[in-house]
Number of protein chains: 2
Amino acid sequence: MHEKPTHVVSAVVLQARSGQLQVLLWQRRQPPFDGAFALPGGYLLPGETLEDSIRRHLAEKVDVRELSHIEQLVTTSDPARHPSEWQVATAYLGLVPSDLDPTLPSDTSWHRVADLPETAFDHGVIISTGRERLRAKLSYTNIGFALAPHSFSISELRDLYTAALEHEVSATNLQRVLLRRELLEATGELRHSGPSGGRPAALYRFRSRTLSITDQFAVLRPPGQHG
Amino acid sequence: MHEKPTHVVSAVVLQARSGQLQVLLWQRRQPPFDGAFALPGGYLLPGETLEDSIRRHLAEKVDVRELSHIEQLVTTSDPARHPSEWQVATAYLGLVPSDLDPTLPSDTSWHRVADLPETAFDHGVIISTGRERLRAKLSYTNIGFALAPHSFSISELRDLYTAALEHEVSATNLQRVLLRRELLEATGELRHSGPSGGRPAALYRFRSRTLSITDQFAVLRPPGQHG
DNA sequence: TAAGTTATCGACTGGAAGTAGAAAACCTCG
DNA sequence: CGAGGTTTTCTACTTCCAGTCGATAACTTA
């Protein structure tokens, strides 16, 4: 038989924290890339699927039950990606709701995606791929559920979208679009805002907390489905 | 070190042929899945990337220069996917323009995606994934270039979209949308249609023949970019 | 030259979404 | 208790996108 590559898995774990999209990184303490920051992950073991494997590795960093969504991102295979070992690497995208603050091991911490430190291997590009995937899916799926708490006001949701999309989002439009798509529903409760007063916000929740694609895209719909 | 999986690559090669979306399949002549149809592909070799590898394997089936587009689709890893070997498999999506008719080896042929024979491994789901990827990208990218000849009439293009999307498409809308997005340009030439007369069709071409994403999606655009 | 066929164009329409301002519902302070 | 400030929510207006349909153009064939 042929020589075989080693298969490793990693994850881009994203969370909207204090108005910024942040990613979970681990600081390496051995070569190669000693001192640089890397995505959490590790080796694929016999008998497990790639998704099992990344969940197992992530469990060492954050409680896996805190992940609201996980999906496969991309598999990279540049023979030169690791200086001494032939590796094929599959990256996943994981999301954590904004109301959780997992306790992290001392070598692991959150970093703003917009302002990354020196990263190991090809992890810089992979993080960009993850952010782009999230941005795209915010537009045509209900993936917002994975960034948001179970219930939230429209303003809070707007802030999450703003952080992830990195541009201003109108609360009016966001509410109208998500309600028309029947992705949100009102809980019937109100939240009395904290220090500075103001009208209490109505609270909403996502109808479903599993990924669903919104219809077709804008154009070239089947005929008879106007608008 | 750990035990390692074998890494294999495969490709969903699609073409719009005689009004139907079709996929290139190869009939197996050994176990497992003796007699079933499988995606073309094979083992990953040392020193090559996954994309290099699938191009090398495809070269045995179709001339690689006939592929107008190729992109990574998904990596599957079910430990039970192969009865005797631990495999991780990366699938690619490849597209062939409708005006080419590659000469194929005797064990390989085109099959309508809407009416597939018995397939080997997890190849049935992978083909579905490929078709869905193509359908989605027809809506928000210029990927039509990969299905179409270098120049074509709007009606011909409409027929390609109809085959790939599996629903009727209006030539009027298609032309208006693709022109507004500046994906198409007129060649200035006319084609005198064959047997039954009619007004000669103006010919068009795609401005670019590499994948480009059309702007943002419909909703939640940055402000100031109206419409 | 009339009839049939195919392609192209333009006008109409409903709906999606950006914008802005008014109104509602709360707070705090005098 | 009421005035003023703050935040949220609603509504009206507007622009743009795309589905529909009918008219027109340019050809072939009888």
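From a predicted model like this one, the values you see are computed outputs, not experimental measurements. So you know, we letter chains A, B, ... as the sequences are listed, proteins then strands, and number each from 1.
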Requested in this report: Return no unless some side-chain N or O of A:Asn173 is found under 4.0 Å from OP1 or OP2 of C:dA17.
Outcome: no
Query raised in the report: Do any side-chain nitrogens or oxygens of A:Gln175 fall under 4.0 Å of OP1 or OP2 in D:dT8?
Result: no
**Report entry** Nearest-nucleotide comparison on DNA chain C, the residue closer to the 5′ end among B:Leu190 and A:Leu190
**Finding:** B:Leu190
**Report entry** Nearest-nucleotide comparison on DNA chain C, the residue closer to the 5′ end among B:Leu203 and B:Gly198
**Finding:** B:Gly198
From [options], pick the nucleotide closest to the side chain of [X]?
X: A:Arg180; options: C:dA16, D:dT7, C:dT8; value: C:dA16
X: A:Val177; options: C:dT8, D:dT20, C:dA17; value: C:dA17
X: B:Ala201; options: C:dA7, C:dC26, D:dT9; value: C:dA7

Query raised in the report: Ignoring hydrogens and angles, does a donor from either the side chain of A:Arg176 or the base of C:dG18 sit under 3.5 Å from an acceptor on the other?
Result: yes
What is the distance, rounded to the nearest whole Å, between atom [atom1] of [X] and atom [atom2] of [N]?
X: B:Arg199; N: C:dA3; atom1: CZ; atom2: C1'; answer: 18 Å
X: B:Ile154; N: D:dA26; atom1: CD1; atom2: P; answer: 17 Å
X: B:Glu168; N: D:dA18; atom1: CD; atom2: C1'; answer: 17 Å
X: A:Tyr140; N: C:dA17; atom1: OH; atom2: P; answer: 16 Å
X: B:Asp159; N: C:dT6; atom1: CG; atom2: P; answer: 12 Å
X: B:Phe152; N: C:dT6; atom1: CZ; atom2: P; answer: 21 Å
X: A:Leu157; N: D:dT9; atom1: CG; atom2: P; answer: 12 Å
X: A:Arg191; N: C:dA24; atom1: CZ; atom2: P; answer: 24 Å

Query raised in the report: In degrees rounded to 10°, what angle is found between the helical axes fit to the five outermost pairs at each end of the helix from C:dT1-D:dA30 to C:dG30-D:dC1?
Result: 10°
Tell me what [X] touches on the nucleic acid: a base, only sugar-phosphate, or nothing, going by heavy atoms under 4.0 Å.
X: B:Ser155; value: sugar-phosphate
X: B:Thr172; value: base
X: A:Ala202; value: sugar-phosphate

Query raised in the report: Is atom CZ of A:Arg81 surrounded by more than 12 heavy atoms (other residues, nucleotides or ligands) closer than 6.0 Å?
Result: yes
Under 3.5 Å, is there a donor-acceptor pair linking the side chains of [X] and [Y]?
X: B:Thr90; Y: B:Thr75; answer: yes
X: B:Thr162; Y: B:His167; answer: no
X: A:Asp122; Y: A:Thr76; answer: yes

Requested in this report: Please identify each residue that fulfils salt bridge (Lys or Arg N to Asp or Glu O under 4.0 Å) with B:Arg65, with sequence neighbours left out.
Outcome: B:Asp63
Query raised in the report: With a 6.0 Å cut-off on ring centres, are A:Phe152 and A:Phe145 close enough?
Result: no
Report task. Identify the heavy atoms of B:Leu73 and B:Arg133 that sit nearest to each other, and give their distance. Result -> O-NH2, 3.1 Å
Query raised in the report: Do B:Asp115 and B:Arg112 meet the salt-bridge criterion of a basic N to acidic O distance under 4.0 Å?
Result: yes
